[in-house]
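Every value quoted in this text rests on a predicted model; they were computed, and no experiment measured them. All values below were derived from every heavy atom in this structure, side-chain atoms included, with hydrogens, water molecules and symmetry-related copies excluded. Positions are given from 1, in the same order as the sequence printed here.
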Amino acid sequence: VLSFQGNPLYFQSARNVTVNILNEKTKVLTRLVTGPQAVEAHSQKFEVKTLSGKLLFSADDNEVVVGAERLRVLGAEGTVFPKSIETPNVRADPFKELRLESPTRALVMEAPKGIEINAEAGSLKATCRTELRLESKDGEITLNSAKIKLPNLPQGSSSSAGSRQKIYELCVCPNGRLFLSQAGSSSTCQINTSVCL
């Protein structure tokens, strides 16, 4: 079926339009159905390509491939992955915040060779409601900075009344809790162990 040169070709139906591709035994190999509810493609593989032949989208029994430079999901609720997602890079649009959020359960990131989080032009903040734990099973934890501040450490009570001294020593309880004790000629950590209770 051909249209006149320079004119479009129309298929019009009261119900649907079906295009079948048959083999020599009249068995249907592929089928395209355009109906009032949906457009359906029945085949072993479905592909969408640009005029230059670049693959934009393909789907078969094994996988779905999006070949475009950028996949943009416009739904207000974002993208839902019921199982897992595997990617070498998670990145927000320029000048936009990146949020990884699990509203009702935990958020888990796993990588056998490590996880790196960088904020090259700003600060990095980690907050939680109950407990923040940094744990290294086989290595060490390094705090590498020109300034390391622990502004809310408890202070042990001073034994010398009226002292204006502003020098403290950092003490560690047996359970790992840190506290400040006013420095003396020798360690005053043992004097202020009541903080550990």
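Counting non-hydrogen atoms of neighbouring residues, nucleotides and ligands closer than 6.0 angstrom, the CG atom of Leu2 reaches no more than 12 such neighbours. Shown here is Glu120, whose CD atom has no more than 12 heavy atoms of other residues, nucleotides or ligands within 6.0 Å. Other residues, nucleotides and ligands contribute more than 12 heavy atoms inside 6.0 Å of the CG atom of Asn118. For Asn89, the CG atom counts as densely surrounded, since its 6.0 Å shell holds more than 12 non-hydrogen atoms of other residues, nucleotides or ligands.
Ser123 pairs by the side chain to side chain contact (heavy atoms under 4.5 Å, CB included) definition with nothing, not counting sequence neighbours. Contacts of Glu77 classified as salt bridge (Lys or Arg N to Asp or Glu O under 4.0 Å), with partners at least two apart in sequence or in another chain: none. With sequence neighbours left out, Cys196 forms a side chain to side chain contact (heavy atoms under 4.5 Å, CB included) with Cys173, Pro174, Phe179.
Under a 4.5 Å side-chain heavy-atom criterion applied to ILVMFWY residues, the cluster that includes Val19 comprises Leu32, Val39 as well.
A continuous path of hydrophobic side-chain contacts links Leu150 to Val172 [ILVMFWY only; heavy atoms under 4.5 Å]. Leu71 and Leu98 fall into different hydrophobic clusters, where Ile, Leu, Val, Met, Phe, Trp and Tyr side chains are chained together by heavy-atom contacts under 4.5 Å. Both Val90 and Leu124 belong to a single network of hydrophobic side chains, linked directly or stepwise wherever heavy atoms of I, L, V, M, F, W or Y lie under 4.5 Å apart.
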Which donor-acceptor pairs under 3.5 Å do side chains of residues 60-68 form with protein atoms, sequence neighbours excluded?
unit_1	atom_1	unit_2	atom_2	d
Asp60	OD1	Asn62	N	2.9
Asp60	OD1	Glu63	N	2.9

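Distance check, rounded to the nearest 0.5 Å: CG of Leu22 to CZ of Arg31 gives 9.0 Å. The CG atom of Asn20 lies 13.5 Å from the NZ atom of Lys27; values are rounded to the nearest 0.5 Å. We find the CD1-OG distance between Ile191 and Ser186 to be 7.0 Å, quoted to the nearest 0.5 Å. Atom CD of residue Glu40 and atom CG of residue Asn16 lie 9.0 Å apart, to the nearest 0.5 angstrom. The CG atom of Leu107 sits 6.0 Å away from atom OG of Ser102, with the distance rounded to the nearest 0.5 Å. Here the OG1-CD1 distance, from Thr79 to Ile85, works out to 8.0 Å after rounding to the nearest 0.5 Å.
Residue Pro154 comes nearest to Leu178 through the heavy atom pair CD-O, 3.7 Å, listed as atom of the first residue, atom of the second, then distance. Residues Met109 and Ile117 share a closest heavy-atom pair of CE-CD1, 4.5 Å. In plain terms, the two heavy atoms of Ile148 and Leu143 that are nearest each other are CD1-O, 3.4 Å. Contact record, Gln155 with Tyr168: OE1-OH, 3.5 Å, taken as the closest heavy-atom pair. Across all their heavy atoms, Ile141 and Ser136 have their closest contact at CG1-CB, 4.0 Å. In terms of heavy atoms, Asp93 sits closest to Arg70 at OD1-NH1, 3.3 Å.
Evaluation of the salt bridge (charged side-chain N to carboxylate O under 4.0 Å, His left out) test over residues 105-118, restricted to residues two or more places apart or in two chains, returns none.
A 4.5 Å side-chain heavy-atom check between Leu29 and His42 finds every atom pair outside the cut-off. Looking at heavy atoms from C-beta onward, Lys54 lies in side-chain contact with Glu69 at the 4.5 angstrom threshold.
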*Taking it one step at a time, do Thr127 and Leu132 satisfy side chain to side chain contact (heavy atoms under 4.5 Å, CB included)?*
CA-CA 8 Å; Thr127 60; Leu132 176 62; over 6 Å; no
*Hey, mind stepping through Glu169 and Thr188 against side-chain hydrogen bond (donor to acceptor under 3.5 Å, both in side chains) and telling me if it holds?*
CA-CA 8 Å; Glu169 61 177 316; Thr188 58; 3.0 Å; yes
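Between the side chain of Asn23 and the main chain of Thr26, a donor-acceptor pair closer than 3.5 Å is present. No donor-acceptor pair under 3.5 Å is formed between the side chain of Arg177 and the backbone N or O of Cys171. Checked by atom type and distance alone, the side chain of Ser13 never pairs as donor or acceptor with a backbone atom of Val17 at under 3.5 Å.
Using a 4.0 Å cut-off between charged nitrogen and carboxylate oxygen, Lys137 and Glu135 do not count as a salt-bridge pair.
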